[in-house]
Amino acid sequence: MKVVKFGGSSVASAEQLEKVANIIKADKERKIVVVSAPGKRFKEDEKVTDLLIELGEAFLDGKDYQNAMNKIVNRFSDITTALGLDDMLLRVIQDDIASVVASDQANELKMDALKAIGEDSLAKVFGAYLASTGTNATYINPRDAGIFVSDQPGNAQILEESFEKLYQLRNRDEILVIPGFFGYTKQGTLMTFPRGGSDITGSIVAAGVKADLYENFTDVDSVFCVNPTIVKQPKEITTLTYREMRELSYAGFSVFHDEALIPAFKAKIPVCIKNTNNPSASGTMIVSERKLNGNPVVGIASDTGFISLYISKYLMNREIGFGRRLLNILEDEHISFEHAPSGIDDMTVILRESQLTPEKEERIMSRIKEELKADTISIERDLAMIMIVGEGMNSAVGVAKNATAAFANANINIEMINQGSSEVSVMFGVKSSNLEPAVRSLYDMFFNQ
Ligand SMILES: Nc1ncnc2c1ncn2[C@@H]1O[C@H](COP(=O)(O)OP(=O)(O)O)[C@@H](O)[C@H]1O
Ligand SMILES: N[C@@H](CC(=O)OP(=O)(O)O)C(=O)O
């Protein structure tokens, strides 16, 4: 049995949904289908999830949300009309939005319930379409499927007990269409996963039903060894390990959500990334182990939006508990840190800039000064992280030398280097403005020689 997930680009229009239906019909092992909300049909287009957020924000600000409502209903009506489906489905979407807006839930729960309508409606529409073409298929709500999650709006985590309940889906005869991106708490409240979280649903369902394969359909033939918007036509990756993919997607490979690997990995379900627009291409397999191919580096990931918090204090190395107290200050502000390279008398904490509001920053800086009696504290902004990843790096000599040579060739200063203890990745911090030339130079070094 295969679980297949189709991303926003794969379900963006009626034409795409026809391709999706053909893909499902081409393999009778494709029994469970997880769908995203309609995504972009062209570069400047809007994702339905973004339109739902726009609608929710307009409502919460006391503004008119009819414009967003119209755009959402039009997206779905374009699809239902072209697929020859009943108008009833459109009324259900409007009623769903109206009932969330009118509910007396807290604002963040309302936003989650609104965001989920994109996936939920598309699953209903697609289930109806499959059935209309003579396929034995039906929509199933995540609550009925057994997707139970923690009480964390916009950031839900799967509860362990879900997997046993999901296993029962194996007994169903029909093809099941499950909306991605959300689940329910044990109390029955809807919670969404982080953005891009339909990949997570697919992985959870694949793990739950113990699928032979989790196929994740998107709009590229494979995972490329570097972001294709930075390097034109980069090399394709045929096989990756879970560890490599986890590191790459964490550091910027937006093609697959970084949290989506864990359920598949734990249940040892292989993952295949494939293209809805070219399903005969073999795609990229993500597995437990792979044969090393001579190149220690399998991919180069990169992401912007980081800051570093630098703290120095003479004899820091002898002060027991310094690191803990520093990280405690961040914890009090609900800030998670990404990396914390340290020296003898200094420590740097790398954070995602989006987490640090000006108020939090002020409080953190003054607490570090007063409570930790630091000699120097400074913040560096506009940092980008570039990560080279590969299982082969563990045993290869000279990878770091070649990587630093690539930065030197592009005349780029490295602000920070951090080698993970796993030795599967090495991370470099650079100024954001240097990200693209640095990535291109690394690509030339490791893939174009
Ligand atoms: N290393 C990479 N390999 C492949 N695609 C990548 C990579 N890094 C970024 N991407 C981008 O990820 C996009 C697909 O991810 P996403 O937009 O989340 O798809 P979907 O809408 O199918 O969920 C691709 O169109 C591509 O631009
Ligand atoms: N629709 C949600 C969840 C998702 O997974 O979308 P996509 O498959 O388009 O990345 C979002 O936009 O975040």
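First listed ligand is number 1; within each ligand, the first listed atom is number 1. As the structure is a prediction and not an experimental result, all values here were calculated from the model.
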Give the residue and atom name of whichever protein heavy atom lies nearest to [atom], and the separation in Å to one decimal.
| atom | answer |
| --- | --- |
| atom 13 (C) of ligand 1 | Asp219 OD1, 3.9 Å |
| atom 27 (O) of ligand 1 | Pro228 CG, 4.1 Å |
| atom 5 (N) of ligand 1 | Val255 CB, 3.6 Å |
| atom 11 (C) of ligand 1 | Ser254 OG, 3.6 Å |
| atom 3 (N) of ligand 1 | Phe224 N, 2.9 Å |

One thing to verify: whether [Y] and [X] come together as a salt bridge, which I'm taking to mean a side-chain N less than 4.0 angstrom from a carboxylate O.
| X | Y | result |
| --- | --- | --- |
| Lys71 | Asp50 | no |
| Lys124 | Asp96 | yes |
| Glu436 | Arg440 | yes |
| Asp382 | Lys431 | no |
| Arg30 | Glu215 | yes |

Checking side-chain polar atoms at under 3.5 Å, does [X] have a donor or acceptor matched by the opposite partner on [Y]?
| X | Y | answer |
| --- | --- | --- |
| Glu415 | Ser308 | no |
| Asn22 | Glu18 | no |
| Thr138 | Glu174 | no |
| Ser36 | Lys47 | no |

Atom 17 (O) of ligand 1 touched by protein heavy atom at under 4.0 Å: no
What is the ring orientation for [X] with [Y], classed by angle as parallel under 30°, tilted 30 to 60°, or perpendicular over 60°?
| X | Y | result |
| --- | --- | --- |
| Phe256 | Tyr214 | tilted |
| Tyr184 | Phe182 | perpendicular |
| Phe428 | Phe407 | tilted |

Should [X] be listed as contacting ligand 1, given a heavy-atom distance under 4.0 Å as the test?
| X | answer |
| --- | --- |
| Ser222 | yes |
| Asn216 | no |
| Ser36 | no |
| Ser10 | no |
| Lys5 | yes |

Min N/O separation Ser9 to ligand 1 under 3.5 Å: yes
Proximity to ligand 1 by part of Leu248, non-hydrogen separation under 4.0 Å: neither
Separation of Arg75 CZ from Glu46 CD (nearest 0.5 Å): 8.5 Å
From Arg172 atom CZ to Asn136 atom CG, the distance as rounded to the nearest 0.5 Å: 10.0 Å
Go ahead and list the nitrogen or oxygen contacts between ligand 2 and the protein that come in under 3.5 Å, distances to 0.1 Å, or just say none.
unit_1	atom_1	unit_2	atom_2	d
ligand 2	1 (N)	Thr49	OG1	2.7
ligand 2	1 (N)	Glu119	OE2	2.9
ligand 2	5 (O)	Gly196	O	3.2
ligand 2	5 (O)	Gly197	N	3.4
ligand 2	5 (O)	Ser198	N	3.0
ligand 2	5 (O)	Ser198	OG	3.2
ligand 2	8 (O)	Lys5	NZ	3.4
ligand 2	8 (O)	Gly8	N	3.1
ligand 2	8 (O)	Ser36	OG	2.6
ligand 2	9 (O)	Gly8	N	3.4
ligand 2	9 (O)	Lys47	NZ	3.2
ligand 2	12 (O)	Lys47	NZ	2.9
ligand 2	12 (O)	Thr49	OG1	3.4
ligand 2	12 (O)	Arg195	NH2	2.9
ligand 2	13 (O)	Arg195	NE	2.7
ligand 2	13 (O)	Gly196	N	2.7

Going by the atom numbers of ligand 1, which of them fall below 4.0 Å from some non-hydrogen atom of [X]?
| X | result |
| --- | --- |
| Thr218 | 14 (C), 15 (O), 19 (O), 20 (P), 22 (O) |
| Val226 | 1 (N) |
| Phe253 | 1 (N) |

